[in-house]
Trainee: 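I'd like to ask some things about the structure below.
Note that the structure is predicted; figures quoted are calculated from it, not measured.
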Amino acid sequence: MAVLQGSTAIVTGASSGIGRAIAHRLGAEGSHVFIAGRSGERLGALAQSIGAAGGKASTGAFDLRDYQKLQAFIAEAADLTGRLDIMVNAAGVDYPGTIVSGELAHWRDMFDTNVIAVLVGSQAAVRAMRATQSKGHIVTISSYAGTGEGYRVYGATKAAVNSLCKALRGELEDEPIRSVTIMPVPSPPISVGTFRPSS
């Protein structure tokens, strides 16, 4: 029997990459996976793949910077299933380039998606977990770029995420809800000067 049979999970950034892989694995382990991302076509294909493997998936195609839609998507998942066990913040954007050559619109997109959406999603998930009395897990995919070694503006967004997730762990210390931060490292590790995070 799948170890997560009957559980409810939400994955943002599920259209591709790490988020897609996590969503597929959660579905295979028995979770009803609610997948969110910008590409409805990719989400539909993922939902079909999860279903073909015996899992169950529901999709939400929207820009995570529409925070009201993000909050509503999370609340709906909990309302429909009566629980919320796993919230995975896997969405992220990166605009490579130097600070001197950077663009304000790109900086805002990175902070709005990589930081504010994580805050909004985590807050909504905690509230849903409390309301449904779920012993849930908030899992945030950060990056090794957030260790403070000067990985451009992207690294600054991930450093903020790491700090906020640590603060959230402290807030939830006396509750049955846990916050976990995962920082993928490039394989094999490469030098600071050539590192290009993909998460």
Side-chain angles (χ1 to χ4, degrees), residues 4 8-29 31-50 55-78 84-96 106-126 128 136-146 151-162 164-165 168 179-186 196-199:
L4 297 177
T8 299
I10 296 171
V11 182
T12 67
S15 299
S16 62
I18 293 174
R20 186 183 191 283
I22 291 173
H24 205 284
R25 181 59 182 268
L26 288 171
E29 293 294 340
S31 287
H32 181 168
V33 189
F34 289 77
I35 50 178
R38 297 183 183 183
S39 174
E41 183 177 351
R42 290 181 180 179
L43 290 174
L46 174 58
Q48 287 185 345
S49 179
I50 291 172
K56 186 175 183 180
S58 299
T59 65
F62 58 91
D63 189 325
L64 291 181
R65 293 174 298 176
D66 188 335
Y67 305 128
Q68 289 184 332
K69 284 187 178 180
L70 176 57
Q71 290 169 325
F73 183 73
I74 293 167
E76 182 180 9
L84 179 56
D85 303 280
I86 302 167
M87 171 70 191
V88 182
N89 297 302
V93 295
D94 179 22
Y95 293 94
H106 291 170
W107 298 341
R108 281 180 172 160
D109 191 8
M110 283 190 282
F111 274 95
D112 287 349
T113 304
N114 299 357
V115 182
I116 304 301
V118 169
L119 278 171
V120 172
S122 297
Q123 180 189 67
V126 169
H137 286 76
I138 311 292
V139 181
T140 300
I141 308 301
S142 180
S143 170
Y144 185 73
Y151 295 121
R152 305 176 285 102
V153 177
Y154 174 85
T157 68
K158 293 302 184 177
V161 165
N162 293 342
L164 291 169
C165 290
L168 181 60
S179 173
V180 178
T181 310
I182 298 173
M183 293 188 289
V185 178
R196 292 293 182 269
S198 59
S199 64

Trainee: Can you confirm whether Asp85 sits close enough to Ser31 that some side-chain heavy atom of one is under 4.5 Å from a side-chain heavy atom of the other?
Mentor: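 They are not in side-chain contact.
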
Trainee: Would you mind reporting whether Leu119 and Leu164 have side-chain heavy atoms less than 4.5 Å apart?
Mentor: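 The answer is yes, as the side chains (C-beta and beyond) meet within the 4.5 Å cut-off.
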
Trainee: Identify the two heavy atoms, one from Met110 and one from Tyr95, that lie closest to each other, and give their separation to 0.1 Å.
Mentor: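 What the structure gives for the nearest pair is SD-N, 3.6 Å.
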
Trainee: Starting at CD of Glu41, measure out to OG1 of Thr59 and round the result to the nearest 0.5 Å.
Mentor: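 Glu41 atom CD to Thr59 atom OG1 measures 12.5 Å (nearest 0.5 Å).
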
Trainee: Can you find a pair of side-chain heavy atoms, one from Asp112 and one from Tyr67, that are under 4.5 Å apart?
Mentor: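 Heavy-atom side-chain distance check passes, below 4.5 Å.
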
Trainee: So how far is it from Arg20 CZ to Ser49 OG, rounded to the nearest 0.5 Å?
Mentor: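 Result: 5.5 Å between the selected atoms.
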
Trainee: Classify the ring geometry of Tyr151 against Tyr144: parallel below 30°, tilted from 30° to 60°, perpendicular beyond 60°.
Mentor: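 Answer is tilted, since the angle falls between 30° and 60°.
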
Trainee: Is there side-chain contact between Gln123 and Leu168, with heavy atoms separated by less than 4.5 Å?
Mentor: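 The answer is no, as the side chains (C-beta and beyond) never meet within the 4.5 Å cut-off.
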
Trainee: In the structure I gave you, are the side-chain heavy atoms of Ile50 and His24 within less than 4.5 Å of one another anywhere?
Mentor: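 Ile50 reaches His24 side chain to side chain.
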
Trainee: Can you name the nearest heavy-atom pair linking Thr181 to Ser142, along with the distance?
Mentor: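 Smallest interatomic distance, heavy atoms only, reads CG2-CB, 3.8 Å.
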
Trainee: Sub-3.5 Å donor-acceptor pair from the side chain of Thr12 to the main-chain atoms of Ala90, do we have one?
Mentor: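 The answer is yes, because a donor-acceptor pair under 3.5 Å joins these two groups.
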
Trainee: Any non-hydrogen side-chain atom of Val153 less than 4.5 Å from a side-chain atom of Phe111?
Mentor: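 Sidechains of Phe111 and Val153: in contact.
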
Trainee: Would you check if there is a donor-acceptor pair between the side chains of Asn89 and Ser122 at a distance under 3.5 Å?
Mentor: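 There is such a pair (donor and acceptor under 3.5 Å, judged by atom type) between the side chains of Ser122 and Asn89.
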
Trainee: Where is the tightest heavy-atom contact between Ile35 and Ala14, given as atom of each residue plus distance?
Mentor: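 Looking at all heavy atoms of both residues, the closest pair is CB-CB, 3.6 Å.
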
Trainee: Considering all heavy atoms of both residues, which atom of Ala128 and which atom of Ile74 are nearest to each other, and what is their separation?
Mentor: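 Nearest pair, atom of Ala128 first, then Ile74: CB-CG2, 4.4 Å.
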
Trainee: Charged N to carboxylate O below 4.0 Å: is that the case for Arg65 and Asp109?
Mentor: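 Between Asp109 and Arg65 there is a salt bridge, with a charged N closer than 4.0 Å to a carboxylate O.
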
Trainee: Which atom pair, heavy atoms only, marks the closest approach of Asn114 to Lys158?
Mentor: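 Closest approach of Asn114 to Lys158, heavy atoms only: ND2-CE, 4.5 Å.
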
Trainee: In Å and rounded to the nearest 0.5 Å, what is the CD1 to CG distance from Ile116 to Leu64?
Mentor: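 It is 12.5 Å, given to the nearest 0.5 Å.
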
Trainee: Between CG of Leu70 and CG of Asp63, what distance do you get to the nearest 0.5 Å?
Mentor: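 If I round to the nearest 0.5 Å, the distance is 10.0 Å.
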
Trainee: For Gly40 and Ala61, which heavy atoms make the closest approach, and how far apart are they?
Mentor: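 Scanning both residues, the minimum pair turns out to be CA-CB, 3.6 Å.
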
Trainee: Are Ile22 and Val139 close enough, and set up right, to give a side chain to side chain contact (heavy atoms under 4.5 Å, CB included), and what steps lead you there?
Mentor: CA-CA 11 Å; Ile22 291 173; Val139 181; 6.0 Å; no

Trainee: Hey, what do you get for CG (Asn162) to OG (Ser143), rounding to the nearest 0.5 Å?
Mentor: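 Rounded to the nearest 0.5 Å, the CG-OG separation comes to 8.5 Å.
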
Trainee: Given Val88, which partner from the list Ile10, Leu26, Val33 fulfils the side-chain contact (heavy atoms from CB on, under 4.5 Å) test?
Mentor: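 The single option meeting the side-chain contact (heavy atoms from CB on, under 4.5 Å) with Val88 is Leu26.
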
Trainee: Just verifying a value: how many Å separate Met87 CE and Thr8 OG1, rounded to the nearest 0.5 Å?
Mentor: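 One gets 13.0 Å once the value is rounded to the nearest 0.5 Å.
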
Trainee: Would the number of heavy atoms belonging to other residues, nucleotides or ligands and lying under 6.0 Å from CZ of Arg38 be above 12?
Mentor: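 Enclosed: over 12 neighbouring heavy atoms sit under 6.0 Å from CZ of Arg38.
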
